[in-house]
Amino acid sequence: MGIFTYEALASGGGRTQGTLEAKSRQEALAQLGKMKLRPLRLQEQGAVGTPGGHEAAGGLRVEQPMTEAQIISFTEELGDLLDAGLQLEGALKMMEQRSEASVLKAVAQSLRNQVREGTSLSRALRTASASFSDLYCNLVAAGEVSGALGAILQRQVLYLKKLSDLKSRVIQALIYPMFVSGAGILLMVLFVVVLVPQLETLFNKSPETIPLVTRILLGTSYFLVHYGWLVAASLALAGLGFWQWIQKPAGRIWWDQARMKIPVAGAVLEASFYAQFSQTLANLLTNGVTLLQAMNLVSQATPNSYYRLRLEKASEQISEGYSLSRALRQVGGFSDMFLDLVAVGEQTGELSKALDKAGARFEKEMDRKIQRITALIQPVIIVIIALVVGAVVYSIITSIFDAMSGMRKSL
């Protein structure tokens with residue numbers, strides 16, 4: 001029997017604290033339900049805490065960075081071993097006993113040394129390698145709290161693979177347009193910087209009036225030849241200043257919100273957030289984590305600062321007795337469709353199932369929008385480059401013919 005410390009809301013709305021004995025976390029939650037208490041916090045006495053703190057003794061940090069493929073391989077293998085029934089230390093020991101020397105073997109060794117000394121896996125990950133992101137570590141912490149570490153790791157594998165697949169699809173879709181764009185930009189630079197100055201003498205000798213498009217082209221050529229370095233330096237300084245500003249809390253929140261409003265791409269980012277938030281929260285609730293604890297963990301695991309701030313505010317309102325849908329609606333920034341799905345789940349008493357369905361729905365929507373983007377990227381870029389290059393070439397050829405015609409008339 002374990003001793004659990006709890007903080008809960010009574011049916012009358014007041015807060016109460018206490019301890020109880022139970023064989024498991026699920027049994028403790030069931031006892032609180034019989035007492036008509038809504039748990040806000042439930043912690044087993046003597047349990048190892050989640051992330052934060054210093055590196056454990058014996059925890060050696062692996063300096064060699066892990067690639068995206070290695071992180072996926074490590075997560076998938078550890079999840080499979082845990083689902084097969086092995087304990088965490090046993091699974092890490094098996095991964096450590098690789099015949100080949102690799103960064104995965106070194107990471108597994110570092111993690112096993114720390115776990116054997118009583119450090120939680122999420123905390124050990126932070127000290128074992130810098131390649132594990134805060135999102136990754138916080139999701140592992142959520143799995144440890146819920147007792148569903150294997151399921152969380154499997155879900156993380158699917159997420160990482162989907163993210164990797166998205167990157168590869170976007171890169172493949174951009175290879176040809178980038179080649180065409182590079183060739184088009186190089187061609188325009190040669191026209192404007194090399195060819196146009198040489199033709200300027202011919203244009204000036206012509207008695208014909210130089211067309212407006214050609215005058216603009218000549219002015220652009222003169223400016224780039226004499227002040228192109230200034231433009232490049234200004235763009236570099238502006239980019240550096242913008243990067244430093246978005247590293248600050250206020251700038252990061254603004255940028256994370258602005259990204260959601262970018263045409264086409266913003267809809268994909270928004271759907272991705274809703275899908276991950278819904279599925280992660282549903283998994284935590286299904287595995288016995290209280291709503292408040294689940295919201296705190298999901299907030300920490302959310303990379304978008306704009307939504308993280310709102311989730312933290314919603315967590316504060318949930319601690320005061322608000323329902324999830326009401327709290328999210330109060331803080332604002334969430335779509336009405338998502339809030340309606342959450343409200344339906346609360347009314348039916350199946351919040352985790354409703355969140356899981358909402359996550360699947362937004363995931364399908366995200367995939368559909370990604371397919372549209374990848375299908376449109378190539379033709380749009382090609383058309384833009386063709387129009388720009390065509391306009392430059394047309395203005396030059398037209399000006400040359402006009403100049404030649406004027407010179408013939410004057411002879």
Side-chain angles (χ1 to χ4, degrees), residues 4 6-17 24-43 138-139 142-143 145-148 151-152 155 260 270-302 304 306-366:
F4 291 84
Y6 68 85
E7 180 180 359
L9 289 174
S11 56
R15 288 197 180 201
T16 181
Q17 298 178 349
S24 65
R25 184 180 184 83
Q26 284 73 15
E27 184 177 329
L29 289 170
Q31 291 186 29
L32 291 174
K34 292 179 181 178
M35 298 164 60
K36 297 183 178 180
L37 296 176
R38 181 180 175 185
L40 298 176
R41 294 184 180 84
L42 183 62
Q43 179 69 42
N138 283 323
L139 288 174
V145 171
S146 65
I152 288 286
R155 187 180 296 278
M260 296 294 176
E270 186 177 31
S272 175
F273 162 76
Y274 283 124
Q276 184 173 341
F277 169 70
S278 302
Q279 292 172 350
T280 304
L281 187 59
N283 191 66
L284 293 173
L285 296 176
T286 301
N287 288 281
V289 180
T290 63
L291 178 59
L292 183 58
Q293 285 180 315
M295 283 292 293
N296 289 332
L297 288 169
V298 172
S299 300
Q300 296 172 9
T302 301
N304 188 294
Y306 171 74
Y307 279 116
R308 187 192 308 133
L309 180 63
R310 272 147 183 76
L311 291 177
E312 290 172 354
K313 292 180 179 179
S315 299
E316 295 176 0
Q317 296 197 0
I318 290 173
S319 67
E320 297 174 0
Y322 282 55
S323 65
L324 177 60
S325 60
R326 184 182 176 188
L328 294 177
R329 200 178 296 275
Q330 287 284 341
V331 299
F334 295 88
S335 71
D336 292 335
M337 182 180 70
F338 176 73
L339 295 175
D340 291 340
L341 292 173
V342 173
V344 169
E346 291 174 330
Q347 292 172 5
T348 59
E350 299 289 348
L351 179 58
S352 59
K353 290 183 179 179
L355 287 169
D356 194 52
K357 290 180 180 179
R361 180 173 180 176
F362 281 106
E363 190 172 354
K364 290 180 180 178
E365 182 179 350
M366 179 185 67

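By convention here, the first residue in the shown sequence is residue 1.
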**OP:** Compare every heavy atom of R310 with every heavy atom of G332, then report the nearest pair and how far apart it is.
**Re:** O-CD, 3.3 Å
Subject >> E270 and F338, any side-chain heavy atoms less than 4.5 Å apart >> reply: no
Original post:
Could you state the interatomic distance from CG (L285) to NZ (K353), rounded to the nearest 0.5 Å?
Top reply: 13.5 Å
**OP:** Would you indicate whether the side-chain heavy atoms of V344 and E350 approach each other to under 4.5 Å?
**Re:** no
**OP:** Report the relative orientation of the aromatic rings in F334 and Y307; use parallel for angles under 30°, tilted for 30 to 60°, perpendicular for over 60°.
**Re:** tilted
Subject >> Heavy-atom closest pair, residues A282 and D356 >> reply: CB-N, 3.7 Å
**OP:** Verify side-chain contact (heavy atoms from CB on, under 4.5 Å) between Y274 and M337, making sure each step is shown before the conclusion.
**Re:** CA-CA 11 Å; Y274 283 124; M337 182 180 70; over 6 Å; no
Original post:
For G345, does its backbone N or O pair with a side-chain atom of T348 as donor and acceptor, under 3.5 Å?
Top reply: yes
Original post:
How many angstroms lie between CG in L291 and OG in S315, if you round to the nearest 0.5 Å?
Top reply: 8.0 Å
Original post:
Looking only at heavy atoms, which two atoms of A314 and V331 are closest? And how far apart?
Top reply: N-CG1, 3.7 Å
**OP:** Side-chain contact test, heavy atoms from C-beta onward, threshold under 4.5 Å: evaluate it for L355 versus L341 and give yes or no.
**Re:** no
**OP:** State, to 0.1 Å, how close S323 and I318 come at their nearest heavy-atom pair, and which atoms those are.
**Re:** O-CG1, 4.4 Å
Subject >> Reported CD-to-OG distance for the pair Q330 and S325, which is rounded to 0.5 angstrom >> reply: 10.5 Å
Original post:
So, for A327 and Q317, which heavy atoms are closest and what is the spacing to 0.1 Å?
Top reply: CA-OE1, 3.6 Å
Original post:
Between CD of E365 and OG of S272, what distance do you get to the nearest 0.5 Å?
Top reply: 11.5 Å
Subject >> R308, CZ: over 12 other non-hydrogen atoms inside 6.0 angstrom >> reply: yes
Original post:
Do R329 and D340 touch side chain to side chain, with heavy atoms closer than 4.5 Å?
Top reply: yes
Subject >> Side-chain (E346) to main-chain (L324) donor-acceptor, under 3.5 angstrom >> reply: yes
Subject >> Trace of the side-chain contact (heavy atoms from CB on, under 4.5 Å) decision for L297 with L281 >> reply: CA-CA 9 Å; L297 288 169; L281 187 59; over 6 Å; no
